[in-house]
Amino acid sequence: MILVFGKTGQVATTLASNGRVQALDRQAADLSDPHACAAAIASAAPKAIINAAAYTAVDKAEAEERLATIVNGDAPAAMAKAAANLGVPFVHISTDYVFDGSGRAPWGPDDATGPVGAYGRSKLAGEEAVRAVGGTHAILRTSWVFSGTGGNFAKTMLRLGLEREEIGVVDDQIGGPTYAPDIAAACLTIADALIKDPDKSGTYHFTGFDDVAWADFAAQIFKEAGLKCQVNRIGTEDYPTPAARPLNSRLDCSSTEAAFGIARPTWLSGLRSMLAEMRG
Ligand code: NDP
């Protein structure tokens, strides 16, 4: 059995539907109580652990950094320790927001981090704690997650595309939109690989192909959904938010393919699957 933290989130929902998984929702394990997370691992005695739960409210985190740091930093630290005590792998999902977004080159897993906001700092704290524990682990950074479940950019565009004839969308933030079920599948593949070969422990990147601006992603969403909403390209400065976002979120995923045979899936196929899923 593989123990998963999170049951209701975009990635967690897919994991929870897998027959090998036991998924823990907030009631079963609240990440604001790291000891409870460690206790849940000790009593479940799983073969591997995947953490798909997180404080993900990027803007709200600016005002709640303490809570975000407990959930995204202290809880994964406790999970990693409990996993190491059992001698089982810990797969922890992280984010492009640990980088400062400078330049245009894809970020490599070992590049210097430098989060520009509270959410990124809290996720970086989790990464550093998991590495410091030193057990068998994978930190899997992803970006721009979308699925038919929960709140995300793609679903917001589908809603606004029905209501409006045109919309301004940022075109100077570049990244790889990533379909949540693809992340779930990658986590399971990595967990199985680490069970067999703990030497593959490390930090990895996994995002949808190819890298695009939010404006390009929005235009394709409208096209695929048959919505006649025009995308007007705007700059980040024209769309102020409480938290700053990295401009360059390109992630180099080549070491993930080399270590685990997982290639970048196209986000277009994920988008089509999402639309099919939502049409029922
Ligand atoms: P969601 O925002 O869809 O879901 C978050 C999940 O975490 C929910 O199941 C939520 O439960 C749970 N959760 C939040 N706080 C707690 C808590 N205190 N105790 C227990 N559970 C809690 O997340 P995603 O699926 O989008 O994200 C998965 C991973 O990917 C996360 O690590 C995230 O940081 C990372 N990521 C996400 C990106 C994105 O665009 N969304 C981009 C890059 C990385 P509840 O329903 O009860 O609130």
Side-chain angles (χ1 to χ4, degrees), residues 3-17 21 23-38 40-41 49-61 64 66-76 78-79 90-99 101 107 115 117-127 129-130 138-157 173 175-187 203-208 214 217 241 243 245-246 249-251 253 267 270 274:
L3 188 68
V4 170
F5 285 88
K7 196 173 187 176
T8 51
Q10 298 190 83
V11 178
T13 300
T14 310
L15 286 167
S17 67
V21 162
L24 303 176
D25 64 12
R26 189 187 285 261
Q27 273 177 322
D30 192 325
L31 271 66
S32 63
D33 181 357
H35 294 295
C37 298
I41 289 172
I49 297 140
I50 299 171
N51 179 24
Y55 183 112
T56 56
V58 173
D59 289 318
K60 209 169 158 200
E64 288 190 347
R66 196 176 140 71
L67 174 61
T69 304
I70 293 170
V71 171
N72 292 343
D74 298 352
M79 292 175 198
F90 178 51
V91 179
H92 176 63
I93 306 173
S94 193
T95 171
D96 54 306
Y97 279 38
V98 298
F99 294 115
W107 296 97
Y119 166 73
R121 285 192 293 273
S122 72
K123 293 292 290 185
L124 181 60
E127 289 192 0
V130 171
I139 293 163
L140 188 68
R141 296 189 186 125
T142 189
S143 64
W144 297 21
V145 181
F146 69 96
S147 74
T149 309
N152 59 68
F153 175 86
K155 284 180 73 181
T156 302
M157 288 302 119
Q173 291 172 29
T178 314
Y179 186 46
D182 290 335
I183 303 169
C187 287
T203 302
Y204 296 94
H205 290 170
F206 178 76
T207 64
W214 286 116
F217 188 35
T241 51
R245 266 85 174 152
S249 281
R250 298 171 182 88
L251 299 183
C253 302
W267 53 258
M274 172 189 163

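Just so you know, ligand 1 is whichever comes first in the structure, and atom 1 is the first atom listed for that ligand.
- Checking Phe99, Trp107, Tyr97 one by one against Pro246, the side-chain contact (heavy atoms from CB on, under 4.5 Å) holds for a single residue, Tyr97.
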Return a table of N or O atom pairs, ligand 1 on one side and protein on the other, at distances under 3.5 Å, rounded to 0.1 Å.
from	atom 1	to	atom 2	distance (Å)
ligand 1	2 (O)	Thr56	OG1	2.6
ligand 1	3 (O)	Gln10	N	2.9
ligand 1	7 (O)	Ala54	N	3.1
ligand 1	7 (O)	Ala54	O	3.4
ligand 1	9 (O)	Thr8	OG1	2.8
ligand 1	9 (O)	Gly9	N	2.9
ligand 1	11 (O)	Thr8	OG1	3.3
ligand 1	15 (N)	Arg26	NH2	3.2
ligand 1	18 (N)	Asp30	OD1	2.9
ligand 1	19 (N)	Asp30	OD1	3.3
ligand 1	19 (N)	Leu31	N	2.8
ligand 1	25 (O)	Gln10	N	3.1
ligand 1	25 (O)	Val11	N	2.9
ligand 1	26 (O)	Gln10	NE2	2.9
ligand 1	32 (O)	Ile93	O	3.2
ligand 1	32 (O)	Lys123	NZ	2.7
ligand 1	34 (O)	Tyr119	OH	2.7
ligand 1	34 (O)	Lys123	NZ	2.9
ligand 1	40 (O)	Val145	N	3.0
ligand 1	46 (O)	Thr8	OG1	2.5
ligand 1	47 (O)	Arg26	NE	2.9
ligand 1	48 (O)	Arg26	NH2	2.8

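- Residues that satisfy the side chain to side chain donor-acceptor pair (under 3.5 Å) test with Tyr55, not counting sequence neighbours, are Glu64.
- A donor atom on one side chain and an acceptor atom on the other are not found under 3.5 Å apart for Gln10 and Thr149.
- Residues satisfying the side chain to side chain donor-acceptor pair (under 3.5 Å) test with Ser32, not counting sequence neighbours, are Asp30.
- Classification of the Phe217-Phe153 ring pair by plane angle, with boundaries at 30° and 60°, yields parallel.
- Residues satisfying the side chain to side chain donor-acceptor pair (under 3.5 Å) test with Tyr179, not counting sequence neighbours, are Glu277.
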